[in-house]
Structures are given as C-alpha cells and as structure tokens.
Amino acid sequence: MVVALYAGAVATADVWMPALARAFAEAGLAVDLVRPGDVPPEAVEYIVYAPSGPVTDFAPYTQAKAVLGLWAGVERVVGNPTLTQPLCRMVDEGLERGMVEWVAGQVLRAHLGLDRFIGRHTPHWEQVAPPLAPERSVVVLGLGALGAAAVWMLVTLGFRVTGWSRSPKAIEGATCLSGAEGLEAALARAEILVTILPNTPETTGLLNARTLALLPRGAVILNPGRGNLIDDEALLAALDAGQVAQATLDVFRTEPLPAEHPYWRHPRVTVSPHVAAETRPASAAKVIAENIRRGEAGEPFLNRVDRARGY
Ligand code: NDP
C-alpha cells in the first residue's frame, strides 16, 4: 500500500479526496490517501500539493518520492529551501480546455470589437464590419502546455498567429519566434497580445514602458499568465496614452486585486478574477494517479519542474 498525503486546500478536500480515490482505483493502484496528522510525516511517499494547502515545510517528509502539484504555476513552491523531493506541476485536459476557451473568447471579443455594443443603451447605428480573422495578427507569449493549445485554437479560427517562447518551437500554421530579438519582432506585430508565461525572475516586468512602446498603437493585451509579467504603472500609462486600447487581466501581483487598485476603475481595463483556467478534479486526479504509477514503476515523472529554470 502506497501512502499519499492530501496537502491541497482544506476547504476543497471533500471534492479532491474522492476524485483522487476514484482515479487511484481506476488505475489499479493501492493507495492509502491520508490527511496531515493521520500518519507520521516519514510514512508519506507522495505529497499531493497545492500552495493553498497546509504544507510549507517539506523537510519532515523524508521518504516522500515526489511532490505532485495540483496547480500549473509553481512560483510559490519552486524556491522553497525545504523542498528536496522532485516537484511535478499540473498539466491536464481541464486546465488546457479552460485556457483555450478563455483565450478564444477574449480574442474574439477584442477582434470583433464587441465592447462597442455590450452595455450600449443609447441609439447609435454605425455599420463598421470588423476585419476577418486572417487579417488580424495575434501574438501569444509562452508556448508551453497552455500557450501551445491556445495557439492551436487561434490558428483553427483563422487568425495570423505568432508565438514566442524561450527555446525555438514549431507549431503548424503559426510563426514561432524565440529569444530577445524574437520578442521585439513579436511585439511589433501584436494587434492582440496574449501572455501565458510562468512567473519567474526572467519574466517579471516583461511588459514594461519600453516593450509596451513596441506594440502597434491601439493594441489589446490579454493576460491569463501571471501578474508579475506586467509593470502595472507602465500599462496604466500606456492605456492613458492610447498606446494600449484595452487590457483584460485575469492575474495580478496581489490577489484578490485590492479594492483601491486603479485597474478596478479604469474604463478600458477588464478585471477577471483568476478564473481563466482551473484545475478540474476529475481530469487532474488521473494525472496524479499516473505519476504515482510511474514513481512506483521507476519511470520518469510527468511534468517535472526544472527548479533552476523556475518552471
Ligand atoms: P509551461 O511550463 O508548459 O510553458 C511555459 C512557456 O513559457 C514555455 O513555452 C516557455 O518556453 C515559456 N517561457 C518561460 N520563461 C520564458 C522566458 N524567460 N522567455 C520566453 N519564454 C519563456 O506552462 P503552461 O503553459 O502549463 O502554463 C503557463 C502559465 O500559465 C503557468 O505558469 C501559470 O502561471 C499560468 N496559468 C494561469 C492560469 C489562470 O487561471 N490564469 C491557470 C493555469 C496556468 P520554453 O518552451 O522554451 O520552455
């Protein structure tokens, strides 16, 4: 019997523990799924982890073979000095679908100019048809599990899509750029810019006064990645100057976004409360089960985080 500790959010344990138990049974794994305090820490072999859960010190879990994250982003755990066990993050169908749907919806909203009509209750009949998707250039920063899925959907919808990542990539139907020069070229063509990058020291402040100035005037920014990517003061200045026409932000440096933050009141900012993509228990539990199976079979874990890279 393998001992796995549920160390996700206490408030959602009632949802997660049955989903995990079901996935373990379906995978034919004999797992004793315990909560903190049920067994001594040194009896735990796998830690099913979320930053919103109770575990902050991994040192007592001397026999743990892996920390299996329920979240895609790892910035709150990757630098934890007590973490010596392999760390895996969550990549699953639910997160991917959620991100694809959020990005498709927000890109189409910007592309079609839907904000001109939604909420209008004064007569104004102006027939200006939007361009078609092949006439619109959309840029996605970050071509990982979620960014690549978003690119695929945007290509399917017919947009002219450019993606950018750290290492060179190839995605059918899209232009892929990488590195510092690639970023400048990507930003210069971003009528709609989507940021799906992780929070690392290298990505912090990536969108700042200098890089925002590289965008075509009137660009739209969609950020479902992480709040650290944007220098908030620079974005507000770019919005006020008309350099950026609109920003829809799902993630922030401080969450929940404080009530006094200017984003809440800015007429051309939409605040979305970190709902772009959520880990869904039914699909994510299967990924956790597969990683426990791999750990027991001596196979490499899925979605292992590179601690030096930070993602
Ligand atoms: P991945 O780790 O699969 O992909 C990360 C991508 O970012 C890779 O393409 C990587 O490049 C690129 N990247 C990282 N650092 C740099 C850099 N310095 N310069 C250029 N490119 C860089 O992550 P996911 O796609 O699974 O998730 C991305 C992020 O989305 C998560 O880290 C999380 O912050 C956010 N997220 C937000 C959610 C929400 O609800 N708003 C939900 C889930 C995730 P390379 O391919 O070369 O390694």
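The figures here come from the full heavy-atom set of this structure, side chains too, leaving out hydrogens, waters and symmetry mates. Along the sequence shown, residues carry numbers from 1. As the structure lists them, so they are numbered: ligands from 1, and atoms in each ligand from 1. In this text, all values refer to a predicted model and were calculated from it rather than measured experimentally.
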Check: If you measure from each heavy atom of V251 to ligand 1, is any distance below 4.0 Å?
Finding: yes
Margin query: I'd like to know if R166 pairs up with E202 as an ion pair, taking the criterion as any Lys NZ or Arg NE/NH1/NH2 lying under 4.0 Å from an Asp or Glu carboxylate oxygen.
Written below: yes
Item checked: Residue and atom name of the nearest protein heavy atom (relative to atom 5 (C) of ligand 1), distance in Å to one decimal -> P198 CD, 3.8 Å
Notebook entry, point to check: So, is D250 polar-close to ligand 1, with some N/O to N/O distance under 3.5 Å?
Noted result: yes
Checklist line | ligand 1 atoms in contact with A72 (distance to a heavy atom under 4.0 Å) | finding: 43 (C), 44 (C)
Note to self: Would A145 count as a polar contact of ligand 1, with the cut-off being nitrogen or oxygen pairs under 3.5 Å?
What the structure shows: yes
Checklist line | For atom 35 (C) of ligand 1, closest protein heavy-atom neighbour | finding: G225 O, 3.5 Å
Notebook entry, point to check: Does a side-chain heavy-atom distance below 4.5 Å link F58 with T84?
Noted result: no
Next item on the list: Look at atom 12 (C) of ligand 1 and say which protein heavy atom is nearest, naming residue and atom and giving the distance to 0.1 Å.
Entry: L197 CD2, 3.7 Å
Item checked: Protein residue, atom and distance nearest to atom 48 (O) of ligand 1, heavy-atom basis -> Y311 OH, 2.5 Å
Notebook entry, point to check: Taking N80 for the side chain and T56 for the main chain, is one N or O donor matched with an acceptor at less than 3.5 Å?
Noted result: yes
Margin query: So that I can tick it off, tell me whether R294 and E290 are bridged by a salt bridge, with the cut-off set at under 4.0 angstrom between side-chain N and carboxylate O.
Written below: yes
Check: With only distance considered, is P224 within less than 3.5 Å of ligand 1 through an N or O on each side?
Finding: yes
Next item on the list: May I ask you to identify the nearest protein heavy atom to atom 46 (O) of ligand 1, giving residue, atom name and distance to one decimal place in Å?
Entry: K169 NZ, 2.5 Å
Margin query: Quick check on contacts: which atoms of ligand 1 are under 4.0 angstrom from a heavy atom of A276?
Written below: 39 (C), 40 (O), 41 (N)
Notebook entry, point to check: Relative to ligand 1, is R309 under 4.0 angstrom through side chain, backbone, both or neither, heavy atoms considered?
Noted result: side chain
Notebook entry, point to check: Nearest protein heavy atom to atom 18 (N) of ligand 1, by residue and atom, and its distance?
Noted result: E202 OE1, 3.1 Å
Notebook entry, point to check: Between E255 and R226, is there a side-chain N and carboxylate O pair less than 4.0 Å apart?
Noted result: no
Checklist line | Cationic tip of R309 above Y311 ring, under 6.0 Å, 45° of axis | finding: yes
Notebook entry, point to check: Within a strict 4.5 Å, meaning less than it, do heavy atoms of the T270 and R109 side chains meet?
Noted result: yes
Notebook entry, point to check: Looking only at N/O atoms, are A277 and ligand 1 under 3.5 Å apart anywhere?
Noted result: yes
Check: Is there a heavy atom of W164 sitting under 4.0 angstrom from any atom of ligand 1?
Finding: yes
Next item on the list: Please determine if N199 has a nitrogen or oxygen closer than 3.5 Å to a nitrogen or oxygen of ligand 1.
Entry: no
Check: With a 4.0 Å heavy-atom cut-off (strictly under), which part of L146 contacts ligand 1: side chain, backbone, both or neither?
Finding: both
Check: So is there a nitrogen or oxygen of L143 less than 3.5 Å from a nitrogen or oxygen in ligand 1?
Finding: yes
Next item on the list: State the atoms of ligand 1, each with its element, that fall below the 4.0 Å cut-off from a heavy-atom position in R226.
Entry: 33 (C), 34 (O), 35 (C), 36 (N), 37 (C)
Margin query: Can you see whether N228 engages T203 through a side-chain donor-acceptor pair at a distance of less than 3.5 angstrom?
Written below: yes
Note to self: Taking only non-hydrogen atoms of T200, do any sit less than 4.0 angstrom from ligand 1?
What the structure shows: no
Item checked: Any E278 heavy atom less than 4.0 Å from ligand 1 -> no
Notebook entry, point to check: Take atom CD in E42; do more than 12 heavy atoms of anything else shown fall under 6.0 Å from it?
Noted result: yes
Item checked: Residues E296 and K65 bridged, charged N to O under 4.0 Å -> yes
Note to self: For the 3.5 Å polar cut-off, considering only N or O atoms, please tell me whether G144 and ligand 1 meet it.
What the structure shows: yes
Check: Got a sec: does the CZ of R97 have more than 12 other heavy atoms crowding it under 6.0 Å?
Finding: no
Note to self: Give me the nearest non-hydrogen protein atom to atom 17 (C) of ligand 1 as residue plus atom name, then the distance to 0.1 Å.
What the structure shows: R166 CD, 3.9 Å
Note to self: Just so I know, are the side chains of T162 and R160 near enough to count as touching, which here means a heavy-atom distance under 4.5 Å?
What the structure shows: no
Check: Would the F159 and H111 ring centres measure less than 6.0 Å apart?
Finding: yes
Item checked: Heavy atom of the protein closest to atom 23 (O) of ligand 1 (residue, atom name, distance) -> R89 NH2, 3.3 Å
Next item on the list: Measure up the F301 and Y46 rings against each other and bin them: parallel (under 30°), tilted (30 to 60°), perpendicular (over 60°).
Entry: perpendicular
